[in-house]
Colleague: 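After the C-alpha coordinates below, expect a handful of questions from me.
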Amino acid sequence: MDYLDSLIDACEIEMVKRAYPIKDSFQHITSIPGISSLSAIIIISEIGIDMTQFESDKQLVSWAGLSPANNESAGKKKSVRISKAGQYLKPLLVQCALSAIKSKDSYFYKKYHSIKKRRGHKKAIIAIARMILVSIYHMILTGEIFNPSDYETFMNPNPKKSLNFTVESALFFLQQSGFDISLIQANS
(Lines give C-alpha, C1' and ligand atoms only; values in the text may rest on other atoms or scores of the structure.)
Protein backbone atom coordinates (compact mmCIF):
# COMPACT_ATOMS: atom_id res chain seq x y z
CA MET A 1 0.00 0.00 0.00
CA ASP A 2 2.85 2.36 0.81
CA TYR A 3 4.36 1.73 -2.61
CA LEU A 4 1.03 2.46 -4.34
CA ASP A 5 0.58 5.61 -2.25
CA SER A 6 4.03 6.81 -3.28
CA LEU A 7 3.14 6.21 -6.97
CA ILE A 8 -0.10 8.17 -6.58
CA ASP A 9 1.80 11.03 -4.92
CA ALA A 10 4.36 10.98 -7.75
CA CYS A 11 1.52 11.20 -10.32
CA GLU A 12 -0.04 14.13 -8.50
CA ILE A 13 3.30 15.96 -8.34
CA GLU A 14 3.81 15.39 -12.08
CA MET A 15 0.31 16.73 -12.80
CA VAL A 16 0.99 19.89 -10.82
CA LYS A 17 4.31 20.39 -12.62
CA ARG A 18 2.71 20.05 -16.04
CA ALA A 19 -0.21 22.31 -15.11
CA TYR A 20 2.02 25.08 -13.76
CA PRO A 21 1.94 27.17 -17.00
CA ILE A 22 -1.85 27.54 -16.68
CA LYS A 23 -1.96 27.81 -12.90
CA ASP A 24 -3.96 31.05 -13.04
CA SER A 25 -6.87 29.26 -14.70
CA PHE A 26 -7.11 26.42 -12.24
CA GLN A 27 -6.24 28.51 -9.17
CA HIS A 28 -9.10 30.83 -10.11
CA ILE A 29 -11.75 28.10 -10.00
CA THR A 30 -10.62 26.78 -6.63
CA SER A 31 -12.59 29.66 -5.10
CA ILE A 32 -15.73 27.61 -5.80
CA PRO A 33 -16.63 25.60 -2.70
CA GLY A 34 -15.83 21.90 -3.09
CA ILE A 35 -13.11 22.25 -5.72
CA SER A 36 -9.56 21.45 -4.67
CA SER A 37 -6.43 22.24 -6.68
CA LEU A 38 -6.21 18.69 -7.98
CA SER A 39 -9.88 18.70 -8.99
CA ALA A 40 -9.38 22.02 -10.75
CA ILE A 41 -6.42 20.65 -12.72
CA ILE A 42 -8.43 17.63 -13.86
CA ILE A 43 -11.44 19.77 -14.81
CA ILE A 44 -9.24 22.14 -16.82
CA SER A 45 -7.54 19.20 -18.52
CA GLU A 46 -10.96 17.88 -19.58
CA ILE A 47 -12.65 21.09 -20.76
CA GLY A 48 -9.62 23.21 -21.64
CA ILE A 49 -9.09 26.91 -21.01
CA ASP A 50 -10.62 28.14 -24.27
CA MET A 51 -14.35 28.41 -23.58
CA THR A 52 -15.07 29.85 -27.02
CA GLN A 53 -15.12 26.28 -28.34
CA PHE A 54 -18.51 25.94 -26.65
CA GLU A 55 -21.35 28.10 -27.92
CA SER A 56 -22.79 28.52 -24.43
CA ASP A 57 -22.72 27.06 -20.96
CA LYS A 58 -25.64 24.83 -21.98
CA GLN A 59 -23.51 23.18 -24.66
CA LEU A 60 -20.72 22.53 -22.16
CA VAL A 61 -23.18 21.03 -19.66
CA SER A 62 -24.62 18.81 -22.38
CA TRP A 63 -21.14 17.76 -23.49
CA ALA A 64 -20.29 16.85 -19.89
CA GLY A 65 -23.46 14.77 -19.60
CA LEU A 66 -25.09 16.81 -16.84
CA SER A 67 -28.17 18.08 -18.66
CA PRO A 68 -31.44 16.21 -18.15
CA ALA A 69 -33.25 14.73 -21.12
CA ASN A 70 -36.42 16.43 -22.30
CA ASN A 71 -38.55 13.49 -23.38
CA GLU A 72 -42.17 14.53 -23.50
CA SER A 73 -44.94 13.17 -25.68
CA ALA A 74 -48.63 14.07 -25.62
CA GLY A 75 -48.18 16.08 -22.45
CA LYS A 76 -46.63 13.17 -20.55
CA LYS A 77 -43.10 13.44 -19.29
CA LYS A 78 -41.12 10.31 -19.88
CA SER A 79 -37.50 9.77 -18.88
CA VAL A 80 -35.43 12.68 -17.58
CA ARG A 81 -32.28 10.64 -17.10
CA ILE A 82 -28.96 12.29 -17.76
CA SER A 83 -26.87 11.10 -20.68
CA LYS A 84 -23.89 8.78 -20.45
CA ALA A 85 -21.47 11.41 -21.77
CA GLY A 86 -18.64 12.80 -19.69
CA GLN A 87 -17.25 9.54 -18.33
CA TYR A 88 -14.39 11.27 -16.51
CA LEU A 89 -15.71 14.77 -15.92
CA LYS A 90 -19.16 13.91 -14.57
CA PRO A 91 -17.98 11.69 -11.67
CA LEU A 92 -15.42 14.32 -10.69
CA LEU A 93 -18.04 17.08 -10.67
CA VAL A 94 -20.36 14.87 -8.61
CA GLN A 95 -17.53 14.39 -6.09
CA CYS A 96 -16.99 18.15 -6.00
CA ALA A 97 -20.73 18.69 -5.50
CA LEU A 98 -20.78 16.20 -2.63
CA SER A 99 -17.87 18.07 -1.09
CA ALA A 100 -19.52 21.46 -1.64
CA ILE A 101 -22.71 20.53 0.22
CA LYS A 102 -20.83 19.40 3.32
CA SER A 103 -20.12 22.86 4.70
CA LYS A 104 -23.23 24.10 6.45
CA ASP A 105 -24.57 27.56 5.72
CA SER A 106 -22.90 27.63 2.31
CA TYR A 107 -24.62 28.54 -0.94
CA PHE A 108 -24.52 25.02 -2.38
CA TYR A 109 -25.66 23.47 0.91
CA LYS A 110 -28.83 25.56 0.89
CA LYS A 111 -29.42 25.02 -2.83
CA TYR A 112 -28.97 21.27 -2.40
CA HIS A 113 -31.51 21.05 0.41
CA SER A 114 -34.09 23.13 -1.43
CA ILE A 115 -33.78 20.87 -4.51
CA LYS A 116 -33.62 17.67 -2.47
CA LYS A 117 -37.02 18.37 -0.93
CA ARG A 118 -38.64 18.23 -4.36
CA ARG A 119 -36.46 15.95 -6.48
CA GLY A 120 -34.42 13.67 -4.21
CA HIS A 121 -30.73 13.26 -3.40
CA LYS A 122 -29.39 12.05 -6.74
CA LYS A 123 -31.06 14.69 -8.87
CA ALA A 124 -30.08 17.39 -6.39
CA ILE A 125 -26.41 16.35 -6.58
CA ILE A 126 -26.51 16.39 -10.38
CA ALA A 127 -28.09 19.86 -10.23
CA ILE A 128 -25.31 21.10 -7.92
CA ALA A 129 -22.67 19.56 -10.22
CA ARG A 130 -24.30 21.36 -13.15
CA MET A 131 -24.25 24.67 -11.23
CA ILE A 132 -20.56 24.19 -10.48
CA LEU A 133 -19.78 23.52 -14.16
CA VAL A 134 -21.76 26.58 -15.29
CA SER A 135 -19.86 28.67 -12.73
CA ILE A 136 -16.54 27.31 -14.02
CA TYR A 137 -17.53 28.12 -17.61
CA HIS A 138 -18.32 31.75 -16.79
CA MET A 139 -15.30 32.16 -14.52
CA ILE A 140 -12.91 30.95 -17.22
CA LEU A 141 -14.66 32.80 -20.06
CA THR A 142 -14.92 36.20 -18.37
CA GLY A 143 -12.38 35.95 -15.57
CA GLU A 144 -14.99 36.89 -12.98
CA ILE A 145 -14.94 35.60 -9.42
CA PHE A 146 -17.44 33.09 -8.02
CA ASN A 147 -20.54 35.13 -7.26
CA PRO A 148 -23.92 33.54 -8.10
CA SER A 149 -26.58 36.02 -9.17
CA ASP A 150 -29.02 34.88 -6.48
CA TYR A 151 -26.43 34.60 -3.70
CA GLU A 152 -27.67 37.44 -1.49
CA THR A 153 -31.37 36.63 -1.77
CA PHE A 154 -30.77 32.91 -1.24
CA MET A 155 -28.43 33.27 1.73
CA ASN A 156 -30.64 35.86 3.44
CA PRO A 157 -34.22 35.23 2.30
CA ASN A 158 -35.84 37.69 4.73
CA PRO A 159 -33.61 40.74 4.92
CA LYS A 160 -34.52 43.27 7.55
CA LYS A 161 -35.82 46.34 5.82
CA SER A 162 -34.91 49.53 7.53
CA LEU A 163 -37.90 51.76 8.00
CA ASN A 164 -36.89 55.34 7.31
CA PHE A 165 -40.02 57.33 7.95
CA THR A 166 -39.99 61.07 8.00
CA VAL A 167 -42.78 63.22 9.39
CA GLU A 168 -43.73 64.25 5.87
CA SER A 169 -43.95 60.67 4.59
CA ALA A 170 -46.05 59.62 7.62
CA LEU A 171 -48.42 62.54 7.10
CA PHE A 172 -48.69 61.74 3.40
CA PHE A 173 -49.50 58.11 4.22
CA LEU A 174 -52.19 59.13 6.69
CA GLN A 175 -53.68 61.56 4.17
CA GLN A 176 -53.72 58.85 1.48
CA SER A 177 -55.43 56.50 3.96
CA GLY A 178 -58.28 58.97 4.43
CA PHE A 179 -57.40 60.55 7.77
CA ASP A 180 -57.79 64.25 8.41
CA ILE A 181 -54.27 65.46 9.02
CA SER A 182 -55.24 69.07 9.76
CA LEU A 183 -55.78 68.16 13.42
CA ILE A 184 -52.30 66.65 13.62
CA GLN A 185 -50.68 69.66 11.98
CA ALA A 186 -52.52 72.01 14.36
CA ASN A 187 -51.14 70.16 17.40
CA SER A 188 -47.53 70.22 16.26
Colleague: Restricting to non-hydrogen atoms, name the atom on H121 and the atom on K116 that form the minimum distance, rounded to 0.1 Å.
Modeller: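 Looking at all heavy atoms of both residues, the closest pair is N-CG, 4.1 Å.
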Colleague: How many angstroms lie between OG in S99 and CD1 in I132, if you round to the nearest 0.5 Å?
Modeller: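 The CD1 atom of I132 is 8.5 Å from OG of S99, to the nearest 0.5 Å.
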Colleague: Heavy-atom distance under 4.5 Å between the side chains of I44 and I140, does that happen here?
Modeller: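 Yes; the side chains approach each other to less than 4.5 Å.
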Colleague: Output yes when a side-chain donor or acceptor of S177 lies under 3.5 Å from a complementary backbone atom of F179, and no otherwise.
Modeller: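 Between the backbone of F179 and the side chain of S177 there is no qualifying donor-acceptor contact (under 3.5 Å).
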Colleague: Show me the pairs that pass salt bridge (Lys or Arg N to Asp or Glu O under 4.0 Å) and involve residues 8-21, at least two apart or across chains.
Modeller: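 Matches after skipping sequence neighbours: E14-R18.
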Colleague: Please output the side-chain donor-acceptor pairs of residues 165-173 that fall under 3.5 Å, not counting sequence neighbours, one pair per line with the distance.
Modeller:
{"from": "T166", "atom 1": "OG1", "to": "S169", "atom 2": "N", "distance (Å)": "3.1"}
{"from": "T166", "atom 1": "OG1", "to": "S169", "atom 2": "OG", "distance (Å)": "3.2"}
{"from": "S169", "atom 1": "OG", "to": "T166", "atom 2": "N", "distance (Å)": "3.0"}
{"from": "S169", "atom 1": "OG", "to": "T166", "atom 2": "O", "distance (Å)": "3.0"}

Colleague: Could you point out which residue of Y109, F146, Y107 forms a side chain to side chain contact (heavy atoms under 4.5 Å, CB included) with P33?
Modeller: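 The passing option is F146.
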Colleague: How would you list, by chain and number, every residue that makes a side chain to side chain contact (heavy atoms under 4.5 Å, CB included) with Y88, sequence neighbours excluded?
Modeller: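 For Y88, the residues satisfying side chain to side chain contact (heavy atoms under 4.5 Å, CB included) (neighbours in sequence not counted) are E46.
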Colleague: Can you name the ring pair (Phe, Tyr, Trp, His ring centres under 6.0 Å) partners of Y137, sequence neighbours left out?
Modeller: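 For Y137, no residue satisfies ring pair (Phe, Tyr, Trp, His ring centres under 6.0 Å) once neighbours in sequence are set aside.
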Colleague: Shortest non-hydrogen contact from L133 to A64?
Modeller: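 Taking every non-hydrogen atom into account, CD2-CB, 3.5 Å.
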Colleague: To the nearest 0.5 Å, tell me how far Q87 CD sits from L92 CG.
Modeller: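 Here the rounded value is 14.0 Å.
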Colleague: Just how far is it from atom CE of M139 to atom OG of S31, taken to the nearest 0.5 Å?
Modeller: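 Separation between the atoms: 3.5 Å.
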Colleague: Tell me the closest heavy-atom pair linking S67 and S62, and the distance in Å.
Modeller: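 Heavy atoms only, the tightest pair is OG-CA, 3.5 Å.
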Colleague: Taking only residues two or more places apart in sequence, or in another chain, which ones meet S36 in a side chain to side chain contact (heavy atoms under 4.5 Å, CB included)?
Modeller: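 By the side chain to side chain contact (heavy atoms under 4.5 Å, CB included) rule, S36 matches L38, S39.
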Colleague: S6: what forms a side chain to side chain donor-acceptor pair (under 3.5 Å) with it, not counting sequence neighbours?
Modeller: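 Not a single residue meets the side chain to side chain donor-acceptor pair (under 3.5 Å) criterion with S6.
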Colleague: What's the separation between atom CD1 in I136 and atom CE in M51, rounded to the nearest 0.5 Å?
Modeller: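 Going from the CD1 atom of I136 to the CE atom of M51 covers 9.0 Å.
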Colleague: Which value, rounded to the nearest 0.5 Å, describes the distance between I125 atom CD1 and Q95 atom CD?
Modeller: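 It is 11.5 Å, given to the nearest 0.5 Å.
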Colleague: Is there any ring pair (Phe, Tyr, Trp, His ring centres under 6.0 Å) pair reaching into residues 46-69, and which pairs are they, with sequence neighbours excluded?
Modeller: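 Matches after skipping sequence neighbours: F54-W63.
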Colleague: Just to verify, which of I43, I35, V61 counts as forming a side chain to side chain contact (heavy atoms under 4.5 Å, CB included) with L93?
Modeller: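 Result: among I43, I35, V61, I43 is the only option passing the side chain to side chain contact (heavy atoms under 4.5 Å, CB included) with L93.
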Colleague: Mind listing the closest non-hydrogen atom pair of I128 and A97 along with its distance?
Modeller: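 Minimum heavy-atom contact is CG2-CB, 3.6 Å.
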Colleague: Donor-acceptor check, side chain of Q53 to backbone of I47, threshold 3.5 angstrom: yes or no?
Modeller: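 Pair found, side chain donor or acceptor close to backbone of I47.
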Colleague: Which residues pass the side chain to side chain contact (heavy atoms under 4.5 Å, CB included) test with A127, not counting sequence neighbours?
Modeller: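 In terms of side chain to side chain contact (heavy atoms under 4.5 Å, CB included), with neighbours along the sequence ignored, A127 is linked to I115.
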Colleague: Once rounded to the nearest 0.5 Å, what's the spacing between atom CD1 of I29 and atom OG of S37?
Modeller: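 Between I29 CD1 and S37 OG, I get 9.5 Å after rounding to 0.5 Å.
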Colleague: Got a sec, which residues hit side chain to side chain donor-acceptor pair (under 3.5 Å) with D50, two or more places apart in sequence or on another chain?
Modeller: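 T52.
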Colleague: Return the set of residues passing side chain to side chain contact (heavy atoms under 4.5 Å, CB included) with S45 (not counting sequence neighbours), or none when no residue passes.
Modeller: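 Residues passing side chain to side chain contact (heavy atoms under 4.5 Å, CB included) with S45: I42.
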Colleague: With sequence neighbours left out, what residues match Q59 under side chain to side chain donor-acceptor pair (under 3.5 Å)?
Modeller: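 With neighbours one apart ignored, the set is empty.
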Colleague: Not counting sequence neighbours, which residues clear ring pair (Phe, Tyr, Trp, His ring centres under 6.0 Å) with H138? List them please.
Modeller: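 Partners of H138 by the ring pair (Phe, Tyr, Trp, His ring centres under 6.0 Å) criterion come out as none, since no residue qualifies.
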